[in-house]
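What follows is a short report on a single structure.
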2 protein chains.
Amino acid sequence: MEEIDRAIVAALTADGRLSYTDLAERVGLSVSAVHQRVRRLEQRGVLKGYAARVSFEALDLPLTAFVAIRPFDPSQPDDAPERLAHLPEIDSCYSVAGEDFYLLLVRVAGPADLERLLQEIRTSANVTTRTTVVLSTPYEHRPPKVGPDTLNHRHRGSNEPSA
Amino acid sequence: MEEIDRAIVAALTADGRLSYTDLAERVGLSVSAVHQRVRRLEQRGVLKGYAARVSFEALDLPLTAFVAIRPFDPSQPDDAPERLAHLPEIDSCYSVAGEDFYLLLVRVAGPADLERLLQEIRTSANVTTRTTVVLSTPYEHRPPKVGPDTLNHRHRGSNEPSA
DNA sequence: CATGAAACTCCGAAGGA
DNA sequence: TCCTTCGGAGTTTCATG
């Protein structure tokens with residue numbers, strides 16, 4: 001019942017292009033039933049979308065780094081995420097507890113691009129930066145465990161169909 | 001020509017379930033031609049796979065944190081990534097330059113689970129930890145810019161037709 | 001939740017620029 | 001080599017019970 005939704009979510013996080021036919025076979029339901037469940041999981045916001053995984057090396061973005069930032073002037077309004085959103089090198093932006101305000105995950109072609117990006121970050125958001133270069137990535141974006149206590153039914157997505 | 005591969009990659013990173021029909025329409029080629037290009041991008045390792053994006057709140061994993069680790073005894077072999085791989089709460093593991101050895105991105109249900117996980121990390125890998133809690137995530141996993149200098153043709157995936 | 005049928009998509013074969 | 005067209009097999013999607 002609930003178990004089946006978990007199986008569906010687990011299967012789709014591992015392979016986002018699974019056909020409903022394959023999914024139905026895996027979870028032991030008809031194709032239509034699985035299709036309905038997936039649509040409801042999407043509407044509830046449990047499934048937020050689908051993405052291809054790309055090789056950043058192949059895209060000529062082999063250098064990954066974490067950039068911790070804090071405002072140069074802490075009295076000014078803190079809108080760093082919006083001010084930085086236009087920079088495509090920024091993969092992710094986390095607001096964090098601790099000494100820094102935000103932690104950015106960035107991907108660039110090499111040290112020269114990283115330098116340019118850091119200057120751009122500092123001037124765009126009026127912040128200081130502290131950068132940690134990633135040397136290698138043993139693993140990344142592993143599918144979460146979709147276990148027994150999982151799949152909170154009270155959750156509601158304030159969302160629209162993902163485009 | 002090359003432009004088309006970039007358009008395909010960009011489209012699939014934004015929506016990994018796009019049909020070949022839609023893709024073909026977007027890039028102005030026949031369905032078969034697009035299908036061939038996608039297959040080659042997959043074989044070259046440019047497209048590494050597809051995944052559904054899930055709401056971690058809905059999965060009852062609302063607490064994200066970064067855990068920086070370094071060995072308790074630096075003279076011992078450093079196999080922390082393998083020793084920690086069995087922990088499903090660990091989303092990603094980065095080997096980093098700087099004071100720490102690895103940076104982990106973890107997702108848990110709450111503070112109690114985080115405490116348990118940190119203990120497990122320390123004992124499993126014989127490391128000390130320094131944890132930064134994520135308060136909110138303005139954005140995450142944005143599609144990379146797939147621009148003019150992009151899509152390195154020299155890159156080879158693990159399997160390659162003999163040439 | 002299952003069935004079934006229509007519409008659509010996938011995917012390889014064959015041929016042309 | 002890369003594209004296109006074409007057709008059978010498979011998939012998606014919806015109405016109905």
Side-chain angles (χ1 to χ4, degrees), chain A residues 1-55 58-59 146 148 150-153 157 159-163, chain B residues 1-54 58 146 148 150-163:
Chain A
M1 180 87 124
E2 190 76 5
E3 177 93 20
I4 291 176
D5 280 343
R6 280 191 260 118
I8 290 172
V9 170
L12 285 176
T13 53
D15 180 357
R17 291 210 80 157
L18 271 180
S19 71
Y20 295 118
T21 308
D22 280 353
L23 266 180
E25 213 166 281
R26 260 175 227 224
V27 306
L29 246 56
S30 73
V31 171
S32 298
V34 167
H35 187 240
Q36 266 179 58
R37 279 169 180 268
V38 170
R39 278 192 61 82
R40 275 165 50 199
L41 287 166
E42 286 170 351
Q43 284 189 319
R44 280 173 53 204
V46 176
L47 294 171
K48 299 204 296 189
Y50 305 87
R53 280 283 152 65
V54 302
S55 156
L59 292 185
V146 185
T150 308
L151 225 69
N152 180 0
H153 248 279
N159 67 308
E160 52 183 19
S162 54
Chain B
M1 181 81 128
E2 190 75 8
E3 178 94 20
I4 292 176
D5 280 343
R6 280 191 260 120
I8 290 172
V9 170
L12 285 176
T13 53
D15 181 356
R17 293 209 79 157
L18 270 179
S19 71
Y20 294 116
T21 308
D22 280 352
L23 266 180
E25 213 165 282
R26 263 176 223 224
V27 305
L29 248 55
S30 73
V31 172
S32 295
V34 167
H35 188 240
Q36 271 178 50
R37 277 167 180 268
V38 171
R39 279 189 60 83
R40 273 169 51 202
L41 287 166
E42 287 170 350
Q43 284 189 321
R44 280 172 53 203
V46 177
L47 294 172
K48 299 204 298 189
Y50 305 87
R53 276 201 293 261
V54 302
V146 185
T150 308
L151 223 68
N152 180 359
H153 247 280
R154 287 155 203 83
H155 180 84
R156 286 290 174 273
S158 35
N159 51 353
E160 165 67 9
S162 51

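Every heavy atom of this structure was used, including side-chain atoms; hydrogens, water molecules and symmetry mates were not.
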Completion exercise
Rounded to whole Å, the CZ-P distance (Arg26(B) to dT9(C)) equals 13 Å

Exercise for the section: Work out which heavy atom in Ala52(A) is nearest to a heavy atom in Leu47(B); give both atom names and the distance. Expected result: CB-CD2, 4.0 Å

Exercise for the section: Using atom CG of Leu29(B) as one end and atom P of dT5(D) as the other, report the distance to the nearest whole Å. Expected result: 10 Å

Problem - Below 4.0 Å: OP1/OP2 of dT12(D) and any side-chain N or O of His35(A) - result: no

Exercise for the section: When you get a sec, tell me which of dA2(C), dC11(C), dC3(D) is the closest nucleotide to the side chain of Tyr20(B)? Expected result: dC11(C)

Practice task
Test the Arg17(A)-Tyr20(B) pair against the cation-pi criterion, namely NZ or CZ under 6.0 angstrom from the six-membered ring centroid and within 45° of the ring axis.
Solution key: yes

Practice task
Report yes or no: is there a donor-acceptor pair, N or O only, under 3.5 Å between the side chain of Ser32(A) and the base of dT12(D)?
Solution key: no

Handout entry: Options dT12(D), dC1(C), dC11(C), nucleotide nearest the side-chain atoms of Val31(A)
Key = dT12(D)

Exercise for the section: Mind listing the closest non-hydrogen atom pair of Val54(A) and Lys48(B) along with its distance? Expected result: O-CE, 3.7 Å

Practice task
Specify the separation, in whole Å, of atom CZ of Arg17(A) and atom C1' of dG10(D).
Solution key: 15 Å

Handout entry: Thr21(A) side-chain proximity, nearest of dG12(C), dT11(D), dT9(C)
Key = dT11(D)

Practice task
Provide, to the nearest angstrom, the distance between the CG atom belonging to Leu18(B) and the C1' atom belonging to dC10(C).
Solution key: 15 Å

Exercise for the section: Measure the distance from CD on Glu3(B) to C1' on dC2(D) and round it to the nearest whole Å. Expected result: 17 Å

Exercise for the section: Please work out if Ser30(B) contacts a base, only the sugar-phosphate, or nothing of the nucleic acid, heavy-atom cut-off 4.0 Å. Expected result: base

Handout entry: Nearest-angstrom distance from the residue atom CD1 of Ile4(B) to C1' of dC3(D)
Key = 10 Å

Practice task
To the nearest Å, give me how far apart CD (Glu42(A)) and C1' (dT12(D)) are.
Solution key: 13 Å

Practice task
Using a 4.5 Å cut-off on heavy atoms from C-beta on, say whether the side chain of Leu18(A) contacts that of Arg26(A).
Solution key: yes

Problem - Ion pair Arg39(A)/Glu42(A), N-O distance below 4.0 Å - result: no

Practice task
Write down the distance between CZ (Arg40(B)) and C1' (dC3(D)), rounded to a whole number of angstrom.
Solution key: 12 Å

Handout entry: Pairwise 5' ranking along DNA chain D for Asp22(A) and Arg39(A), keeping only the more 5' one
Key = Asp22(A)

Problem - side-chain N/O Arg37(B) vs dC2(D) OP1/OP2, d < 4.0 Å - result: no

